[in-house]
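This one's a predicted model, so the numbers in the text were calculated from it and none came from an experiment. Hydrogens, waters and symmetry mates are skipped; everything else that's a heavy atom, side chains included, is used.
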Protein chains: 2
Amino acid sequence: MYQTIIPLSGPKLRLVEAAEKLFADQGFDSVSVRDITKEANANVAAVNYHFGSRDGLVSAVMLRYVNPVHQERCARLEAVEKKWAPKAPPVEEVMEAYVSPLVTQVRKSEMSEKLFCKLLGRILSEQGGALHPEVQLQFLNGVERFLKTLAKSLSALPYEDLVWRFHFISGAMIHMMTHGETLQAMTKGANGVTAIDTTIARFLRFATIALSDGVEGVEIPPAPKTPQATFSF
Amino acid sequence: MYQTIIPLSGPKLRLVEAAEKLFADQGFDSVSVRDITKEANANVAAVNYHFGSRDGLVSAVMLRYVNPVHQERCARLEAVEKKWAPKAPPVEEVMEAYVSPLVTQVRKSEMSEKLFCKLLGRILSEQGGALHPEVQLQFLNGVERFLKTLAKSLSALPYEDLVWRFHFISGAMIHMMTHGETLQAMTKGANGVTAIDTTIARFLRFATIALSDGVEGVEIPPAPKTPQATFSF
DNA sequence: GTCTATAAAGTGATAGAC
DNA sequence: GTCTATCACTTTATAGAC
């Protein structure tokens with residue numbers, strides 16, 4: 001249904017997968033080419049041969065997941081808009097379109113949930129100041145689209161307020177992804193549902209409430225007793 | 001009233017200040033001892049002479065601000081609890097005790113607001129996986145105290161939900177500090193109030209709403225038309 | 001205390017043999 | 001395509017002169 005992860009051939013794939021694992025664990029700055037080639041059982045020169053440079057590999061790793069998430073987000077957003085047109089869609093459904101691709105894509109990937117989330121969180125929060133250009137372009141583009149739709153759903157909310165609230169929520173999402181392990185473990189096994197589902201459900205409720213605060217004409221469903229994965233991905 | 005920033009003598013101070021600036025800008029990993037000594041007009045060997053090692057300087061920089069913020073948070077929390085005893089204090093006042101020390105400490109420091117926030121944000125989100133041990137100890141200790149008080153203020157909320165909501169809010173706070181520049185600039189000059197005040201006011205409202213969602217017996221003041229620095233630090 | 005010189009190890013990248 | 005050997009550079013840390 002949505003664009004799948006870019007397929008890679010043998011040795012390139014091994015390198016990318018090794019890099020993903022190490023980047024997720026230690027961050028993009030703290031991993032050397034030698035670490036990666038060792039993890040992939042490849043030669044030190046392999047990274048430069050296949051990706052031109054260390055940075056080429058970094059870009060490949062980033063785009064491999066950012067791209068599909070972005071695509072799916074946009075597709076879902078359009079679907080939600082079409083479903084409610086000409087009315088503005090409810091906040092919760094817009095935010096679901098924003099968040100749920102994280103879940104569907106992690107299921108398509110062969111990484112563990114934990115690793116996938118940490119990797120994506122690091123991609124979006126990279127600290128060198130600026131994000132990688134390609135990522136930034138896609139990411140900002142996506143944010144803009146969602147803000148535009150949210151502005152319709154929350155037409156009584158000044159745009160400046162909307163931007164700030166979305167900014168806060170983005171931070172919560174990134175933090176959830178990069179540092180969720182500890183809490184994730186805590187929740188696990190409470191019921192039969194996978195941990196990531198309930199976490200996302202919690203987050204979705206959190207985001208909806210925060211965005212809708214004080215906005216007239218926007219009604220929010222009552223809080224569930226305990227967050228459950230009531231929506232389907 | 002609250003513990004002031006640890007005073008340092010001449011050359012040590014120059015090194016710490018140079019390091020703060022560079023760390024805030026580029027992160028703790030991407031700055032070399034040479035960068036720091038150059039910025040401080042000191043000799044390359046100065047860092048090792050005065051702080052034992054690069055890591056010694058990192059610890060000094062971190063503790064210089066984390067310590068006072070932590071102290072002030074605890075003091076404010078105790079004051080709020082005493083004020084309302086034996087009742088549980090309202091959520092908003094507890095969160096104000098958590099957040100407002102950021103503002104008072106930035107005013108005491110000689111760094112710019114932007115630099116201070118970025119530095120503190122980086123300290124709390126350092127990506128190597130684990131925070132510096134000393135920071136982590138203080139930080140976790142502080143979080144625990146606030147959670148304990150919030151659990152009383154929100155006694156109808158399951159503790160697990162509280163923890164998750166606080167986790168999300170922490171992420172929003174860190175993101176606000178590390179990536180606030182762009183949005184900060186947007187707000188600046190709207191009225192006579194300094195940017196950081198309105199930002200914190202916004203955040204405080206955000207946190208209060210998110211924590212109180214669906215909790216019976218907790219009443220939240222109506223949203224201000226546009227967030228203003230109505231509370232005093 | 002401050003400086004120079006240098007050690008010891010690690011970095012990304014590449015030329016050239018196979 | 002894969003590998004070894006090596007280049008040119010940077011890193012933190014330190015010994016020893018001043």
Nearest-angstrom distance from the residue atom CG of A/Asp29 to C1' of C/dT11 = 13 Å

May I ask you to evaluate whether B/Asn48 reaches the phosphate of D/dA13, defined as a side-chain N or O under 4.0 Å from OP1 or OP2?
-> yes

For A/Ser32, check side-chain hydrogen bond (donor to acceptor under 3.5 Å, both in side chains) against everything at least two apart and list the hits.
-> A/Asp35

Starting from C1' on D/dA13, measure out to CG on B/Asp55 and report it in whole angstrom.
-> 13 Å

Round to the nearest Å and state the distance from A/Phe51 atom CZ to C/dG12 atom C1'.
-> 16 Å

Measure from NZ on B/Lys38 to P on D/dT11 and round the result to the nearest Å.
-> 11 Å

Note: A/Arg202-B/Glu160 ion pair, threshold 4.0 Å (strictly below) = yes

A/Arg14 CZ to D/dT2 P: how many Å, rounded?
-> 8 Å

Spacing of A/Asp35 atom CG relative to C/dG10 atom C1', expressed in whole Å | 10 Å

Remember a base hit wins even if backbone is also touched, and classify A/Val44 as base, sugar-phosphate or nothing at under 4.0 Å, heavy atoms.
-> base

Calculate, to the nearest 0.5 Å, the distance between atoms CD1 and OH belonging to A/Ile169 and A/Tyr98 respectively.
-> 9.5 Å

Shortest side-chain distance from B/Ser53, nucleotide among C/dT2, D/dT4, D/dA13 = D/dA13

Of the listed C/dA13, D/dT4, D/dG1, the closest approach to the A/Tyr49 side chain comes from D/dG1

Which of these nucleotides, C/dA13, D/dT2, D/dT4, is closest to any side-chain atom of A/His50?
-> D/dT2

Can a salt bridge be assigned to the pair A/Glu20 and A/Arg64 using a cut-off of 4.0 Å between side-chain N and carboxylate O?
-> yes

B/Leu15 atom CG is separated from C/dG1 atom P, nearest whole Å, by 13 Å

Are any of A/Asn43's side-chain N or O atoms less than 4.0 Å away from OP1 or OP2 of D/dT4?
-> yes

Is B/Ser59 reaching over with its side chain to a backbone N or O of B/Gly56, donor-acceptor style, under 3.5 angstrom?
-> no

Counting just side-chain N and O atoms, does B/Ser32 come under 4.0 Å of either OP1 or OP2 of D/dT11?
-> yes

Ignoring hydrogens and angles, answer whether the base of C/dG10 and the side-chain atoms of A/Arg34 contain a donor-acceptor pair closer than 3.5 Å.
-> no

